[in-house]
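Some notes on the structure that comes next.
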Amino acid sequence: MLRFAPSPTGDMHIGNLRVALFNYISSVQREEPLLIRIEDTDKERNIPGKEKEIFEILALFGIKHQEQQLQSDNLRFHRAMALQLLQDKKAFNCFCSAETLETKREASKEGKIAYRYDGACENLLDEEVIDNPLPFTIRLKKPNHPITVTDIIKGSSTFAPDDIDSFILMRADKYPTYNFACAVDDMLADISLIIRGEDHLSNTPKQMAIHEALGYTKKIEYAHLPIILGNEGKKMSKRDDASSVKWLLEEGFLPEAITNYLILMGNKTPTEIFSLKEAMKWFDLKTISKAPARFDIDKLKFINREHLKGLDPKELSRYVGFADEEIGLLAKVFLEEASTLKELRLKIKAIFEPKNVPDEYKEGFDVLRKLTLSAPHFDDYESYKAYLMEHSGLKGKTLFKPLRILIGGAEHGPEMADLYVHLKNYLKEVAK
RNA sequence: GGCCCCAUCAUCUAAUGGUUAGGAUUCCAGAUUUUCAUUCUGGCCAUACGAGUUCGAAUCUCGUUGGGGUCACCA
């Protein structure tokens, strides 16, 4: 079983989507089910409705899953396991207040030394624990040996016991922390391969320590994906528009193109343009680069354009707000200068809307417009052009510039003959 | 700062000890198109640095520098 475990605390991030995608591909390749687990243990941060949004996005990108669960539904298991660790003396109650810990943390920061839990409550006598009325957390005793994480992408890295530390499993409010809930749930779900972002790499030895303390011996495979960097060369944050899947969709990037780019970036692929289905055949976690990759919106635009070119005209027409194959074909013509659906919609809209004509072309424009409205139907651009030339007396730039504005909606654009074929049945409307 | 990871054009990558270090995106120039854009052709641009190992290093080793991640009773 593989799993994708997002938390419903914000908009779906592009990095999350990539993790979801890779999990999906790997689950299909390995013929193992995929579990979607919503990590909702932080009641304060959960945003109502985000969960639904996550499933909608997954569906939109064609990511299919076999099972789904809410992490909070496993609460009784988290508590039972914590109790067991306490009984086995693998964990202990900690009565240090958040404030005390905070001051100690500040102190080490000032002394420029790494903060570690000082073990204050590790060896309390049973009576001291029983009689203590203070709220408490439960901490795992740090392991007595280093833990090595073997990662499909990163190779292996070893962590010392001090770096794993005696961290908190259960908070004072009796709810599990992320690491504990995650480790228990992965164990319960019999997860075989965990694909997640590199920012979880330092959590992995902690979760392995939990498994070890619980006596769970199944060897889980790991793949930590390199971070996606924003323009600044730092981890993409909510502040980067492009990090939001919703934003990219609104900008007019096709899910297929986003998928293509997410698989392509920081990776070695046989071709540049491909579908998810094609990628299934050759995708391999081992070819993912170890170094973080920078998000390049220009490359995404290029890929989007390529996918747009391959789209069925009818479908493309619907995407730009029409229901006519001809408009779809017209949109394709505009693909030479537009690369997103949003840009395409603007170009097409400009053709059907009242035109903005610069003064120098106003006169010619009016002549051409009236001529077009009264002209007979011409099947091809050449005849239409000849008709206009004959009746207007215009030629060269004074003809073509206003004409372009009239039927192209802009001063610049694709070959007018290419526009005309798809517009000839709309001509009266366009010149209106 | 501690720990972990990384290092080929501006960006994403290819070259599994022997290549004029290749491709793509971006950018620029010429060409062509009765306007512009497109298209085509071409161009700019990289092995971070320093030591080894070797007949030979982008490739292996070590160091330096640089970059990133992470250090919560968040996930």
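Chain letters run A, B, ... following the sequence lines, proteins first and then strands; every chain starts at 1. This is a predicted model, so every value here is computed, not measured.
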Review point. What string of B, S and - do you get for nucleotides 25-33 of chain B, 5' to 3', when a contact is any protein heavy atom under 4.0 Å?
Key: SS------S
Review point. How close or far is atom C1' of rU38(B) from atom NZ of K309(A), stated in whole angstroms?
Key: 10 Å
Exercise for review: Could you tell me whether R3(A) and D186(A) make a salt bridge, using a distance below 4.0 angstrom between a side-chain N and a carboxylate O?
Suggested key: yes
Revision key, fill the gap. Heavy atoms of N23(A) and L2(A) approach each other most closely as O-CD2, 3.6 Å
Check your understanding: Counting only distance, no hydrogens or angles, is the base of rU35(B) paired donor-acceptor with the side chain of R404(A) under 3.5 Å?
Key -> yes
Review point. How close or far is atom P of rU38(B) from atom CE of M416(A), stated in whole angstroms?
Key: 16 Å
Check your understanding: Quick one: which of rC6(B), rU13(B), rA75(B) gets closest to the side chain of R171(A)?
Key -> rA75(B)
**Study point:** Protein proximity profile, nucleotides 60-72 of chain B - base contact B, sugar-phosphate-only contact S, no contact -, cut-off 4.0 Å on heavy atoms
**Key:** --------SSS-B
Point to revise | Spacing between D151(A) atom CG and rC6(B) atom P, to the nearest angstrom | key: 10 Å
Review point. Within this structure, what is the NZ-to-P distance between K109(A) and rC3(B), rounded to whole angstrom?
Key: 18 Å
**Study point:** Test log, rule side chain to side chain contact (heavy atoms under 4.5 Å, CB included), inputs Y261(A) and K301(A)
**Key:** CA-CA 10 Å; Y261(A) 181 60; K301(A) 281 183 183 168; over 6 Å; no
Exercise for review: Could you point out which residue of K206(A), K142(A), R116(A) forms a salt bridge (charged side-chain N to carboxylate O under 4.0 Å, His left out) with D163(A)?
Suggested key: R116(A)
**Study point:** Rounded interatomic separation in angstrom, taking CZ from F365(A) and P from rU35(B)
**Key:** 21 Å
**Study point:** rA7(B) - base-pair partner by Watson-Crick or wobble geometry, distances under 3.5 Å
**Key:** rU65(B)
Exercise for review: Round to the nearest Å and state the distance from I194(A) atom CD1 to rA75(B) atom C1'.
Suggested key: 14 Å
**Study point:** Nearest-nucleotide pick for K401(A), side chain only, options being rU35(B), rC73(B), rU34(B)
**Key:** rU35(B)
**Study point:** Side chain of S289(A) - closest among rG2(B), rA75(B), rU13(B)
**Key:** rU13(B)
Check your understanding: Checking R105(A) against Y117(A): charged group under 6.0 Å from the ring centre and within 45 degrees of the axis?
Key -> no
Check your understanding: Is the Lys NZ or Arg CZ of K424(A) less than 6.0 Å from the centre of Y384(A)'s six-membered ring, within 45° of the axis?
Key -> no
Practice item. State which of rA37(B), rA75(B), rA14(B) makes the closest approach to the side chain of K268(A). Key: rA14(B)
Check your understanding: Of the nucleotides rC5(B), rC12(B), rU38(B), which one has an atom closest to the side chain of E336(A)?
Key -> rU38(B)
**Study point:** Separation between the P atoms of rA10(B) and rC6(B), rounded to whole Å
**Key:** 23 Å
Practice item. Give the rounded distance in Å between these two atoms: CD1 of I303(A) and C1' of rU13(B). Key: 12 Å
Point to revise | Spacing between N267(A) atom CG and rC6(B) atom P, to the nearest angstrom | key: 17 Å
Study note, to complete from the structure: Using Watson-Crick geometry (N1-N3 plus N6-O4 or O6-N4) or G-U wobble (N1-O2, O6-N3), each under 3.5 Å, rG1(B) is paired with rC71(B)
Review point. Taking for each residue the nucleotide of RNA chain B bearing the nearest heavy atom, is the 5' side occupied by F159(A) or by P414(A)?
Key: F159(A)
Review point. Does a donor on one side chain and an acceptor on the other come within less than 3.5 Å for E326(A) and H422(A)?
Key: yes
Review point. Should the pair K370(A) and F365(A) be classed as cation-pi, given the thresholds of under 6.0 Å to the six-membered ring centre and 45° from the axis?
Key: no
Review point. K385(A) or Q71(A): which one's nearest nucleotide on RNA chain B is closer to the 5' end?
Key: K385(A)
Review point. Cut-off 3.5 Å, side chains only: do T150(A) and S156(A) have a donor facing an acceptor?
Key: no
Check your understanding: Taking the six-membered ring of F334(A), is the NZ or CZ of K347(A) close enough (under 6.0 Å from the centre) and on axis enough (within 45°)?
Key -> no
